[in-house]
Amino acid sequence: MMMNKNIRREDMSRAVIVHAILLTYTLVALYPIFLVIINAFKSRKGIFKDPMGLPNAETFSLDGFTKVLAKSNFELFFFNSFTVTVVTIVIVLLLASMAAWALSEYKFPGNTWLALYLAVGIMVPIRLGSVSILNLIVELGLINTLTALVLVYVAQGLPLAIFILTEFMHQIPKDLKEAARCDGVGEFKIFFAVILPLIRPAVATVAVFTMIPIWNDLWFPLILAPGDGKQTITLGIQQFIGQYVTDWNAVLASLSLAIIPILILYLIFSRQLIRGLTSGAVK
Amino acid sequence: GELVIESWRNDDIDIWNDQIIPAFNKEYPEIKVTFSPTPPTDYNALINAKFAGGTAGDLITCRPFDASLELYKQGNLAPLDDIKGMDNFSDVAKSAWQTDDGSATFCLPMASVIHGFIYNKEAFEAAGVEVPKTREEFYAALDKIKEEGSYIPMAMGTADQWEAATMGFQNIGPNYWKGEEGRKALIDGSQKFTDKPYIDTFTELASWSNYLPDGYEAISYPDAQNLFSLGRAAVYPAGSWDISLFNSQADFEFGAFPPPPAAGSDTCYISDHTDIALGLNAKSPNAAEAKIFLEWMTGSEFASLYSNALPGFFSLSNHKVEISDPVANEFVSWRQKCESTIRNSYQILSRGTPNLENELWNISAQVINGTVTPEEAGKATEAGLAKWYAPHQ
Amino acid sequence: MADLKLDQIRKSYGAVDVLHGIDLDVKDGEFVVFVGPSGCGKSTLLRIIAGLEDITGGDLMIDGDIVNTKSPRDRGIAMVFQSYALYPHMTVYKNMAFGLKLANHDKSAIDQRVREAARILQLDKLLDRRPSELSGGQRQRVAIGRAIVRQPKVFLFDEPLSNLDAALRVQTRIEIAKLHQELKSTIVYVTHDQVEAMTLADKIVVMNAGNVEQVGSPMQLYHHPQTRFVAGFIGSPAMNFTTVHIDAVEQGKVTVTVPGGAKAVLPFDVPAGDVGKDVELGVRPEHLSPGEQGDLSISGEVDVVEKLGDSTYLYLKLANGDRFTVRAPGHSRIKIGETLSAAAEAGASHLFDANGKAYDKLQCPPEYSAAE
Amino acid sequence: MADLKLDQIRKSYGAVDVLHGIDLDVKDGEFVVFVGPSGCGKSTLLRIIAGLEDITGGDLMIDGDIVNTKSPRDRGIAMVFQSYALYPHMTVYKNMAFGLKLANHDKSAIDQRVREAARILQLDKLLDRRPSELSGGQRQRVAIGRAIVRQPKVFLFDEPLSNLDAALRVQTRIEIAKLHQELKSTIVYVTHDQVEAMTLADKIVVMNAGNVEQVGSPMQLYHHPQTRFVAGFIGSPAMNFTTVHIDAVEQGKVTVTVPGGAKAVLPFDVPAGDVGKDVELGVRPEHLSPGEQGDLSISGEVDVVEKLGDSTYLYLKLANGDRFTVRAPGHSRIKIGETLSAAAEAGASHLFDANGKAYDKLQCPPEYSAAE
Amino acid sequence: MTDWRKAKLPVFAFLAPATIIYTLFMIYPLIDSIRLSFYSTPSGGEMAFVGFDNYRTILGDPDWSATFWNSFWNNMKFFAVHMLVQNPIGIALAGILSLPQLRFRNTYRTMMIMPTMLSVVIVGFIWQLILSPVWGVGVDILDIFGLKSLFGPWLGKEGSALITLSFISVWQWVGIPLMLIYAALLAIPDDLVDAAIVDGATHFEVFLHIKLPLVLPTVAMVSILTFVGNFNAFDLIYAVKGALAGPNFSTDIMGTLFYRTFFGYQLQLGDPSLGATVASLMFLIILAGVLFYLFAVQRRLARYQL
Ligand SMILES: Nc1ncnc2c1ncn2[C@@H]1O[C@H](COP(=O)(O)OP(=O)(O)OP(=O)(O)O)[C@@H](O)[C@H]1O
Ligand SMILES: Nc1ncnc2c1ncn2[C@@H]1O[C@H](COP(=O)(O)OP(=O)(O)OP(=O)(O)O)[C@@H](O)[C@H]1O
Ligand SMILES: [Mg+2]
Ligand SMILES: [Mg+2]
């Protein structure tokens, strides 16, 4: 093909090195996960007899999965987790990016202090406030609702999101905001129509960061919404994480199932990691 | 109303849902009961938070001693002395859930766990050893197995620390400190951890490192369980709760023996530890129904259901319970042969900082790891206790 | 209605003073062109008018109201940025329609205006492209398009045609002029292109290092520059300067010695006290006729020849080392190394004192004056 | 040594074909200027020469080697980007020194070269500023500076002077010419400025919509455009075109009817078969003398007058609606609405067939030909 | 920055919703709990105000202060490993992934971020399995490289447990610097890279001299996030080593100390007062770091609009 001729030889050798590095690290990152997955398909005995081996006739077992699927109301748990996660992400991204924009764009008295105030939340372990949060939720009559989880997660996700997004907002070329202002565009609209689209990679990154701890959280579902029909997937799965008797293959199976939805969410967000979003904007 | 049972026993959810609750409902179909377990590691924190927030369930599974006592003191657990059938439990059984002066009982005892050693019969045969009766035989057997080489003599690790204390120190110790006698002496201050029985316990513990698998420092509890259940180890320092796992996992025959006393001693001592009970949320809106449930639990039906469903958890009631599992039966039979005691760090002695139980975990593990000598271990433990416990100062 | 008044506008960036007190009146509907050397503060001034830079000192008035702190949105302006500042995530169409959409214009009206602007700027085929897929000139045109569709009271153009080819530049220039006539908007326009400045401006503002040097109509500036700086800046190629010696002063006449020793009598009102001083004489290349003799003759060796087709520029080295540019016809056959003399009429000359101030010129012949 | 050879270079961005097969030879040390309408592919071609864009088809040779796949680093080039692409985190000094530092030049040599370039470009006082603290023109100069300090075999300039004022532009242009003479580098230069193109180029390449229309010396292109496009593109203001009717053809002569009905005899070699056809007549504004009669006379109503000082452009509307630009002297007093006739010598005219191809001109008088 | 007065309402409107929710569900509960650090909670009794007594206990009592400082220094080590290993790897990978014309870029990125998405339960389990001396995974892997003899029970030794856990944590969280730096690198215009390449820079030099300086603010932010995250870390150690963070507290960091103190562990009852005291000391340490970042680092880092 025509194209081939135009691939640089030096690029080729560089590509080899680059891919070698990437593959090596990918292997490091994936091998343990690969172990999780193959072991999820093994009987408990199989796991410990030959942890590295692929499931074979002797060790293959879907016990883990059947247990998970039989014992818990998986669809419902998925739905709950999904709802909580997605709603939280949407709210966090919206509110955090708005706040970050205000902090990075406007000079007003106390700007730095407000930024600091909004960052305090990442400096204290949130579990510390569990009891107060629980009391608050009880008083609001939100106990055993997904709303309670969403509210707490939003509060929990905001500080980090604001912190990160504020930093990224600084990258946007000043001229663009100014052009919009000269275009007679209001501040809200500048934010939504110009700024947000341009920091999409950062927003997507923040979305991923917000999502991971929420999806994997066990604590707040336990105290705020342990009730029937409101369990999240992680809470549902915790039944398999025993103290003395442990169905490791069930744990592995359920946890590998549970990673799929966030992986999908990740893939959705990562499509926003676009190169050169601002290219062509300014000279 | 609907009763919610809070528990850390998430392994038991099937037993509750499939056996216990249906049995209860046969008698009381109008009372709906939900068993709501949480991961054991989070249980204490969670239950405290739920009480503070007023969202705790009606029936609360009780840890022994101080954790539950504290809940009672805070007014979260209702006194249960008036429950009919409470006299089906011995005072010893109730002692773990009573105020220090014994004036009030706030949880209904459910089960105890017994320590001992589980062994792989095939391994013993292969090495040509008998079930040891004395400490000397025990170590001779372990040496022989080690020599023979096809089995790891003893399956345990110190990575999780608590096994060293619970399956090690508390398992073999009562034979040195003479069970309840020594335990009480520690509480009243007449014995110290620097005394011989304790140093000896530590010394014996330290010798275990010869028999443990390579890299035992990093071997966790499930690793050890699996080493044994996969037939790679001969002896397993056990809690009776391990039985059900081994029943389902091991494809060889296994048996059990109590911690062997020194040759020539006439009594043997075992740790028969009160482990689990059920209490009533003082603010439960369904207190009446909850009491019905608790009363039902004092009956023999529950005792037998529970002990058989969970071999290794032995009902604390005075009902005669037929246990079908042979190994469990072996364990429970020691109650007749030997003197029972509970773990010496549980009552009163873990009330301060540093916490004796935690200290024992740490130090027992270190003793096995060889990072402290038995004497140092005794000194450190005693020093910790002396810090806050007047009788030892 | 949109007149601008700048009153002692000053601007500094930290320690760097960029504007030193600009006074300017722009009447409603006027077309004002800012010219000046690179870095003299034109863009800064434009940005101040737009409200994009804080004013360090002085007042900016629009329609008589002080607007120093008014947001750009509320000033009714449209601006073409020197750096274009296109919205990189929007297509060309959306870039242009963005401002209109937010002003809640109706869809078909927006469409019509955008397509009209695209037609004028020859962007019709590129409406669906993103800025990153455009050439430099195309981007610049989008920036212009985005401003003109909005039809505001005040237009601010910062070198809007700098990256366009000659043909397109002429066309766009004409379209801007038309737009100005139709909308009667006030336009402030920065350019480095002499032709643009001369043809578009009602008024040219010549800036230099943060100051206004002279404000006037194009012809005023061309014929009556008040300073040597303006004289040298307006006109391309630039006016020639050389140092001459004042020999004698008479009523409305001054006799000078030009390099090479020739004398010339020029119609300037020079105070008697300046006799004996050296002053600057300025003559535009286009007013010098090569190979001829006249009121003011100058000669030197041709050391560079530039052929432009329509005309040829000859660069002379005078006796005193100064260089003179002479515009000869396109078919000129003069070669490097030849000695050439060139002459200008006395009325075409300019004379500046040591501070760069122009001496008043008297008896100015019509072809060298701004009067129509 | 650095000669370039482009052999059928094609480039597309996805479905958009930008270059359609460019053939070009650039000899070592030659100064080649690319001109063409905005968006015709000049920058793209430059980027291909630099190695920044993959070639879709064809070969690029430097010094006889195909370098399609050679990295930009190894091509020994320096480039001024149309968008400047200054490193925002480096000072002006560091921006310029960056390339030299990478090449491990010694510190004092770097310093000396950077300061020299800064002096030439009048950036001396700005060496410690960051690009964000510079005006548009200053940024552009830094971009030029960054290229020239490197003294490479090949320079690529993409509209390097577009944001400079006239005076600076002339100076910088001269400096670039000097540099070219000193370093003997090969220079490829894109510009929209006619004067730059004419004065700098050894060879001008006229591009149109991804094709090369004509390659030649400046005077060749000015006097002998091979196509109507080149004729219209080279020269400012642009050549005037109008449709004329071929009445008769003789050996080396053609008689046409111009709008308004007058006949003219022009020295073109037109095939007899074209008699009766309509063709395009082209005359440059500067070759038309207002108010005179000549070989080729034309008249129309003046509808726009543009005064530039040195000259005045008069825009005539001819009888057939076509518009003609006439260059009159700066002091011209002709007003809008007057009817004006203007004349050109027959030799100054150009004639193009229906496809835009020029007819051969015979007996060309010296002032209308490129021959020196 | 724009003067807020030019935008009046919007500044308020932009900040209010986030600030309100955050204050109500984050700050209020935290303050309400931090308040406990000034009270004592005797068992079953009423809370009593004790001023700074609890702080005196933690910092003054030899046992408590030894524990506290032990966890602090462990935490510093934990943080140091992340700074020196996690962030450089993250930055390097992000740099490589942002190379122009790299194929499979998205696939690589997705795979590399996978560990970050796992719950610590899995991470803890799988690494214990790999590092366990009995199941042979780690040994076999080392054997492939002929390094079998190097294997040891790292998680169980006082000297190596913390470092090993730090590396496990690094493995899990490399995705964070990777994603953040990658997102920052994406914004760098191609033109700049082109210019540098034409200037004779190799891709590595481009990264070093152009890209890295331009994302330096993000690198600084990642560093402070690492600091904050590490000093709040808890899950992994808790999952692998329990709240006693053995052996002999060699893996005890401030998060586990806080947890153990606040919620209790096994027979040790939770002490909300002392727990809250530990938490507020953690907060002060982290705050000091953040203030250092905000006022000493972030202000000095010039940001370049691209
Ligand atoms: N990424 C792209 N995708 C599609 N079309 C592109 C892309 N980049 C450039 N083009 C088109 O390629 C053509 C040539 O662009 P180029 O930048 O070479 O023009 P140019 O001759 O330099 O113009 P100018 O004088 O305006 O700078 C233009 O029409 C432009 O729209
Ligand atoms: N942020 C800044 N800090 C310091 N000086 C600055 C800053 N921005 C601009 N300047 C300086 O202010 C002066 C005026 O800049 P301005 O952009 O107004 O010039 P300009 O007249 O538009 O020039 P050009 O024709 O080159 O675009 C320049 O000398 C520039 O270096
Ligand atoms: Mg400017
Ligand atoms: Mg271009």
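Every value quoted in this text rests on a predicted model; they were computed, and no experiment measured them. Chain letters run A, B, ... following the sequence lines, proteins first, then strands; residues in each count from 1.
The OG atom of B:Ser220 sits 9.0 Å away from the CG atom of E:Leu129 when rounded to the nearest 0.5 Å. The structure places CG of E:Leu244 at 4.5 Å from CG of B:Asn358, a figure rounded to the nearest 0.5 Å. With values rounded to the nearest 0.5 angstrom, B:Lys387 atom NZ is found 3.5 Å from E:Asp61 atom CG. The line from CD of B:Gln161 to NZ of E:Lys241 is 7.0 Å long, rounded to the nearest 0.5 Å. The distance from the CD1 atom of B:Ile219 to the CD atom of E:Gln128 is 11.5 Å, given to the nearest 0.5 Å. Taking CG of E:Leu269 as the reference point, atom CG of B:Asn355 lies at 8.0 Å (rounded to 0.5 Å).
Using a 4.5 Å cut-off between heavy atoms, B:Ala159 contacts chain E through both its backbone and its side chain. Of the atoms belonging to B:Arg232, it is side-chain heavy atoms, and not backbone ones, that fall under 4.5 Å from chain E. In this structure, the portion of B:Asn369 lying under 4.5 Å from any heavy atom of chain E is its side chain and not its backbone. Neither the backbone nor the side chain of E:Phe151 comes within contact range of chain B; no heavy atom of the residue lies under 4.5 Å from a heavy atom of that chain. Looking at B:Asp214, only its backbone comes within 4.5 Å of chain E, counting heavy atoms on both sides. Residue E:Asp271: no heavy atom, backbone or side chain, is found under 4.5 Å from chain B. For E:Ala239, no part sits under 4.5 Å from any heavy atom of chain B, backbone or side chain. The contact between B:Leu230 and chain E is made entirely by side chain atoms (from C-beta outward), counting heavy-atom distances below 4.5 Å. Both the backbone and the side chain of B:Asp42 come within less than 4.5 Å of a heavy atom of chain E. At a 4.5 Å heavy-atom cutoff, E:Phe262 makes no contact with chain B through either its backbone or its side chain. For chain E, the nearby parts of B:Tyr346 are the backbone and the side chain; heavy atoms of each come within less than 4.5 Å.
Contact tally against chain E (heavy-atom pairs below 4.5 Å) for B:Leu227, B:Leu69, B:Asn48, B:Asn76: the top residue is B:Leu227. Contact count against chain E (heavy-atom pairs under 4.5 Å) is highest for B:Thr353 among B:Thr353, B:Asn44, B:Thr158, B:Asp160.
Annotation: side chain of B:Trp361 is in contact with side chain of E:Gln266 (closest heavy-atom distance under 4.5 Å). For the pair B:Pro354/E:Asp63, a side-chain contact is recorded, criterion being any heavy-atom separation below 4.5 Å from C-beta on. Between B:Asn362 and E:Phe249 there is a side-chain heavy-atom pair separated by less than 4.5 Å.
Within 6.0 Å of atom NZ in E:Lys148, 12 or fewer heavy atoms from other residues, nucleotides or ligands are found, so the atom counts as exposed in its surroundings. Heavy atoms of other residues, nucleotides or ligands lying less than 6.0 angstrom from CZ of E:Phe234 number more than 12.
B:Asp223 and E:Ser132 get closest at one heavy-atom pair: OD2-OG, 3.3 Å. Heavy atoms only, all atoms of each residue included: E:Gly156 and B:Ala218 are closest at N-CB, 3.7 Å.
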